2 protein chains.
Amino acid sequence: MSNSLKKQVIQEAAATLFRDRGYAATSMRDLAKAVHLQASSLYNHISSKQEILANICFQNAHRFLEGLDKIEAENIDPLSKTEALIQLHLIIATEDVTSITSFNDEWRHLEEPHLSKFIALRKKYENRFKLIIQQGIKEGVFKDINSTIILNTLLSSIRWVYDWYKPDGKQSIEQVGDVVCELLLGGLKK
Amino acid sequence: MSNSLKKQVIQEAAATLFRDRGYAATSMRDLAKAVHLQASSLYNHISSKQEILANICFQNAHRFLEGLDKIEAENIDPLSKTEALIQLHLIIATEDVTSITSFNDEWRHLEEPHLSKFIALRKKYENRFKLIIQQGIKEGVFKDINSTIILNTLLSSIRWVYDWYKPDGKQSIEQVGDVVCELLLGGLKK
DNA sequence: CCTACCGATCGGTAGG
DNA sequence: CCTACCGATCGGTAGG
C-alpha cells in the first residue's frame with residue numbers, strides 16, 4: 001500500500017473513532033489497533049493526533065465553502081439558493097457521514113492556531129448563508145424573521161441527519177431532503 | 001457549607017467543564033481546581049467522575065419526562081401540545097444551560113448500565129412525542145409527512161439555542177420560542 | 001514497520 | 001479536608 005493511501009486509511013479510521021468515542025477519548029493505541037499497526041508506527045504517516053483532527057475539520061470546511069461558492073454563483077433566487085444549501089448539507093453528509101459527524105462535534109478540540117482559523121472559516125460560511133436569507137427577506141419571499149434565528153434553526157435542524165441517516169435505509173437522501181425542505185421552508189415562505 | 005450543598009457546587013462546576021471541554025477532556029484535577037479543592041477531596045462528596053455525569057444526564061432526562069407528563073395530561077389539541085413541547089425544551093434550556101448542553105453532548109460517555117438506561121429513557125420520550133405528532137397528522141392538522149423525520153427535525157432544530165442563547169441577550173427566550181414555533185410549525189401545519 | 005521506552009497525567013485510594 | 005501515592009495509560013520519540 002502506498003504511503004499516502006495508508007495515510008488516508010488512518011484518517012478514515014480516526015474519523016470513525018472520533019465520531020464514536022470523541023477525540024479526547026480516542027487513544028493513538030485505539031487508532032493503531034484499528035489499522036493493524038503499533039501506535040508508534042502511525043507516526044510514519046501522520047505527525048500528531050491533532051494533525052488528524054485538523055485535516056478532518058478543514059477538509060470538510062472547504063467542502064462546504066466550495067459548495068457555497070457554486071450556489072452563490074448560480075443565477076437563481078434566494079429561495080432556490082436556500083434549498084440548494086440544505087441539499088448541499090445533506091449531500092456532503094451522505095458522501096462521508098463519519099467524517100462530517102466528527103467535524104461537527106469534535107472541532108472544539110482543535111488547538112491554536114487551528115481553532116481560530118476554523119472558527120473564522122465557519123463564521124465566513126454562516127455570514128454568506130445569512131446574506132442569502134436576508135436577500136430573501138428583502139425580496140419578500142421570506143417572512144421578516146430575525147435572520148440569525150432562521151440561519152441557526154436551518155443549520156441545526158439538518159444535523160440530526162448526520163447521526164441518523166444510513167445509506168441502507170428505506171429512504172433516499174433526496175427524499176429526506178425534500179421533506180426537510182418542505183418542513184423548514186414551508187414555515188419560512190411568506 | 002453543608003455537604004450536600006458542596007456536592008451541588010461540584011456538580012455545577014462539572015457541568016460547565018463538561019460543556020466547555022467535554023467529559024473525556026475534563027480531569028478530576030481540573031474539576032478540583034474549579035471548586036478550590038484537592039482532587040482527592042472531591043471523593044468526600046462524589047464517588048466517581050462517572051457518577052457526576054450520570055447525575056447530570058438523568059436529572060435532565062427526568063425534567064423532560066415530567067414536562068411531557070404534564071403536557072400529555074392537558075386537554076389540548078396536538079398542535080398546542082407540540083408547541084408546548086417546543087417551549088418546554090427552550091424553558092429547560094434557559095433554566096440551566098450548562099447542564100442541558102452537557103446532557104445533550106456527553107451522555108454517550110455514560111458506562112453500562114447507565115448508558116442503556118439512559119437510551120431507553122430517551123427512546124420513551126421520543127416515542128411519546130412522536131405519538132402526539134402522529135395524532136396531529138391523523139386529525140388533519142399536520143401534513144402527512146414521515147413522523148420520524150418531523151420529530152428529529154423538531155428536536156434537532158431547537159438544539160442550537162442551547163449553544164447560542166445567553167440570558168443577557170437582547171431577545172427573551174419566549175420571543176425566540178415564538179419565532180422558532182412559527183418557523184417550524186408553519187411548515188408542518190396543513 | 002517494530003521494540004523499547006520517555007515523562008506526564010489520568011482516576012482513584014490509604015491513612016490521618 | 002490534606003499529603004502521599006498507586007497502577008494504568010497517555011501522546012510521542014529513539015533507534016534500528
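In this text the structure is predicted, and so the values were computed from the model without any measurement. Below, each value reflects all heavy atoms present in this structure, side chains not excepted, and no hydrogens, waters or symmetry copies. Naming: A, B, ... by sequence-line order, numbering from 1 per chain.
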[X] [atom1] to [N] [atom2], straight-line distance once rounded to whole Å:
| X | N | atom1 | atom2 | value |
| --- | --- | --- | --- | --- |
| A:Gln38 | D:dG16 | CD | C1' | 15 Å |
| B:Glu111 | C:dG12 | CD | C1' | 13 Å |
| A:Leu42 | D:dC10 | CG | P | 13 Å |
| B:Lys49 | C:dT13 | NZ | P | 14 Å |
| B:Ile46 | C:dT13 | CD1 | P | 10 Å |
| B:His45 | D:dC1 | NE2 | P | 4 Å |
| A:Tyr43 | D:dC10 | OH | P | 11 Å |
| A:Met28 | C:dT9 | CE | C1' | 17 Å |

Looking at [X], does any N or O in its side chain come under 4.0 Å of the phosphate oxygens OP1/OP2 on [N]?
| X | N | value |
| --- | --- | --- |
| B:Ser27 | C:dC10 | yes |
| A:Ser41 | C:dC2 | yes |
| A:Ser40 | D:dG12 | no |
| B:His36 | D:dC1 | no |

- Can a salt bridge be assigned to the pair B:Asp105 and A:Arg108 using a cut-off of 4.0 Å between side-chain N and carboxylate O? no
- Message: Do the side chains of A:Glu72 and A:Lys81 get close enough for a salt bridge, i.e. N-O under 4.0 angstrom?
- Response: no
- Query: Is there a path from B:Leu85 to B:Ile91 through hydrophobic residues (I, L, V, M, F, W, Y) whose side chains come within less than 4.5 Å of each other?
  - Reply: no
- B:Arg122 charged N/C atom sitting above B:Trp107 aromatic ring, 6.0 Å / 45°: yes
- Ranges pairing with ranges for DNA chain D, where each run has three or more Watson-Crick or G-U pairs under 3.5 Å: C:1-16 with D:1-16
- Message: If you take the centroid of each ring, where Trp contributes its six-membered ring, are A:His89 and A:Phe64 closer together than 6.0 Å?
- Response: yes
- Item | Output field: ring centroids B:Phe118/B:Phe103 closer than 6.0 Å | yes
- Any side-chain donor-acceptor pair under 3.5 Å between B:Glu12 and B:Gln8? yes
- A:Thr26 or A:Asn44, whichever maps to the more 5' nucleotide of DNA chain D: A:Thr26
